[in-house]
Every structure is written in structure tokens, then in C-alpha cells.
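Values reported hereafter were calculated over all heavy atoms of this structure, with side chains retained and with hydrogens, waters and symmetry mates removed.
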Amino acid sequence: MSHLPCFCYKGFGEEKRQELWYSQAVRIGDKIECSGQGGWNPETSEVHKGLSDEVDQAFENVDLALRTAGGQGWIQVYKLHVYLTIIDDEAVEALVRNLKKWMPDHQPIMTAIGVNKLGLEGMRIEVEATAHDPEGAERYAAENASASN
């Protein structure tokens with residue numbers, strides 16, 4: 001669907017767009033949907049070794065993907081899908097800590113799913129997010145209308 005604007009952040013996002021032919025986020029009107037974000041360093045593409053650090057980085061990567069698509073980050077997120085290869089106390093504590101850190105004023109709907117394996121070797125978490133961004137949609141439409149005139 002070439003009419004939907006897709007976005008990839010620098011480093012990992014741009015590399016994977018070329019290598020695996022997908023984008024990190026897409027704008028659909030006043031919504032931004034993020035592809036699954038793992039705990040990789042966006043500059044080096046390496047997955048963090050520690051589970052807690054990996055979860056923290058996955059949440060940072062969601063924020064980066066949302067902002068790259070013109071959104072305001074986690075404040076606009078209303079829906080999450082979280083995929084985990086390990087669901088234990090450490091994983092749950094890291095997940096809840098990040099939910100409270102990034103969304104202190106609201107609680108999104110969320111589904112957490114245990115899986116056997118994720119897309120990159122060593123990954124233990126992947127987070128998909130959907131955000132509502134009406135202001136960004138208006139700004140994006142105005143910028144693209146003036147660019148086409």
C-alpha cells in the first residue's frame with residue numbers, strides 16, 4: 001500500500017528496511033503502528049545481553065519509532081502486543097517498570113504472548129505499539145499538501 005507513509009529510524013531501522021524489506025512504523029491517518037521493536041541497540045544492531053536492559057531498550061526503540069513517524073512517543077500509545085520468549089519474574093518486573101516509566105498517566109490495553117523464538121538471534125522480547133496521534137496527522141497532511149503544491 002504505497003499510499004501509506006512508512007518510516008524507519010537511522011541505523012537498525014534503515015538497515016532492516018534494505019535487508020528484510022520492512023518498515024519500523026506506518027502512519028494510518030491519526031494512528032501510528034509500530035512493527036515489533038526488540039532490545040537492539042539502534043546504532044550497532046546488537047541485542048542487549050541482560051534481559052532487563054533488553055526490555056528497557058525495546059521500550060526506547062518503540063519511542064524512537066513513534067517519534068520518527070512524527071508522533072509524540074509513549075504518551076499516545078493505547079495498545080500493545082508484547083512477545084516474550086521468557087515469562088518469569090525478571091521479565092514481568094522489567095515490563096511493568098517500563099510501562100510505569102513511559103506511561104505514568106495512562107494504562108494501555110495489552111496482550112502478552114509467550115513464544116519460542118523471535119526474529120533475531122538472542123532476542124527475548126518484541127513490542128508492537130499502536131498510538132493515536134490526531135495532531136501529527138493534521139501536521140503531516142498540511143506538510144504534504146504544501147509540498148505537492
Side-chain angles (χ1 to χ4, degrees), residues 1-86 91 94-104 106-145 147-148:
M1 303 192 116
S2 61
H3 70 282
L4 296 175
C6 293
F7 304 88
C8 291
Y9 47 81
K10 293 188 185 306
F12 181 91
E14 291 175 343
E15 290 170 17
K16 295 307 173 197
R17 176 175 38 199
Q18 294 304 312
E19 179 185 344
L20 300 176
W21 210 251
Y22 79 99
S23 299
Q24 299 301 317
V26 62
R27 180 174 284 283
I28 307 167
D30 63 357
K31 288 191 334 183
I32 300 171
E33 299 220 16
C34 290
S35 64
Q37 299 297 304
W40 53 70
N41 180 316
E43 294 175 12
T44 67
S45 301
E46 292 187 25
V47 176
H48 284 272
K49 301 292 184 221
L51 178 59
S52 184
D53 291 337
E54 184 181 350
V55 173
D56 293 349
Q57 186 68 59
F59 274 73
E60 288 179 36
N61 290 344
V62 167
D63 192 64
L64 179 58
L66 291 169
R67 291 178 186 280
T68 299
Q72 297 174 31
W74 280 99
I75 192 169
Q76 297 174 313
V77 171
Y78 67 90
K79 181 179 176 181
L80 293 173
H81 289 145
V82 181
Y83 304 91
L84 298 151
T85 62
I86 299 170
L95 180 60
V96 171
R97 182 183 72 247
N98 276 280
L99 291 169
K100 289 178 178 180
K101 172 187 172 183
W102 291 96
M103 295 172 288
H106 75 285
Q107 297 161 321
I109 60 172
M110 179 178 75
T111 301
I113 304 162
V115 298
N116 292 327
K117 192 170 182 175
L118 292 165
L120 295 177
E121 192 63 39
M123 280 179 61
R124 292 162 287 188
I125 185 168
E126 197 162 344
V127 181
E128 292 178 350
T130 305
H132 183 235
D133 181 32
E135 300 87 4
E138 290 175 16
R139 187 175 55 253
Y140 185 82
E143 289 170 1
N144 286 302
S148 64

Any salt bridge (charged side-chain N to carboxylate O under 4.0 Å, His left out) involving residues 20-30? Give me the pairs, sequence neighbours left out, ordered by first then second residue.
-> R27-D133
For W74, side chain to side chain donor-acceptor pair (under 3.5 Å) partners two or more places apart = none
In terms of heavy-atom contacts, does CG of L120 have more than 12 from other residues, nucleotides or ligands at under 6.0 Å?
-> yes
V115 side chain near L118 side chain, heavy-atom distance below 4.5 Å = yes
Hey, are the side chains of I28 and L4 touching, using non-hydrogen atoms and a 4.5 Å cut-off?
-> yes
Give a yes-or-no answer on whether the side chains of Q107 and Y78 include a donor-acceptor pair shorter than 3.5 Å.
-> no
Who pairs with E33 by salt bridge (charged side-chain N to carboxylate O under 4.0 Å, His left out), at least two apart in sequence or on another chain?
-> K31
Quick one: do D56 and K101 make a salt bridge, cutoff under 4.0 Å?
-> no
Apply salt bridge (charged side-chain N to carboxylate O under 4.0 Å, His left out) to K49 and list each qualifying residue two or more places apart in sequence or on a separate chain.
-> none
Who pairs with H81 by side chain to side chain donor-acceptor pair (under 3.5 Å), at least two apart in sequence or on another chain?
-> E128
Those residues at least two apart in sequence (or on a different chain) that pass salt bridge (charged side-chain N to carboxylate O under 4.0 Å, His left out) with E43 are none
Those residues at least two apart in sequence (or on a different chain) that pass side chain to side chain donor-acceptor pair (under 3.5 Å) with T85 are none
With a 4.5 Å heavy-atom cut-off, do F59 and L99 have their side chains touching?
-> yes
Are the side chain of E126 and the backbone N or O of L84 linked by a donor-acceptor pair below 3.5 Å?
-> no
Does the side chain of C8 come within less than 4.5 Å of Q24's, by heavy atoms?
-> yes
E19 meets the side chain to side chain donor-acceptor pair (under 3.5 Å) criterion, sequence neighbours left out, with K16
Take V55 and N98, measure what side chain to side chain contact (heavy atoms under 4.5 Å, CB included) needs, and give me the verdict at the end.
-> CA-CA 8 Å; V55 173; N98 276 280; 3.6 Å; yes
pair Q76-E135: side-chain heavy atoms closer than 4.5 Å | yes
State, yes or no, whether a side-chain contact exists between V82 and L95 at a heavy-atom distance under 4.5 Å.
-> yes
Under the salt bridge (charged side-chain N to carboxylate O under 4.0 Å, His left out) test, residues paired with R17 that sit two or more places apart = none
Pair listing, ring-ring contact (aromatic ring centres under 6.0 Å, His included) test, anchored in residues 111-139, at least two apart = none
Compare all side-chain heavy atoms of I125 with those of I86 and state whether any distance is below 4.5 angstrom.
-> no
Given side chains that start at C-beta, do those of P42 and Y9 come closer than 4.5 Å, heavy atoms only?
-> yes
How would you list all residue pairs meeting side chain to side chain donor-acceptor pair (under 3.5 Å) that involve residues 59-69, not counting sequence neighbours?
-> Q57-N61, D63-R67
Kindly give the heavy-atom pair with the smallest separation between S35 and S23, and that separation in Å.
-> OG-O, 3.2 Å
Checking L66, V127, T130, I109 against V77 for side-chain contact (heavy atoms from CB on, under 4.5 Å), the one that qualifies is L66
Does anything in residues 29-49 pair up under ring-ring contact (aromatic ring centres under 6.0 Å, His included), and if so which pairs, sequence neighbours excluded?
-> F12-W40
Closest heavy-atom pair and its distance - L80, A129 = CD2-CB, 3.7 Å
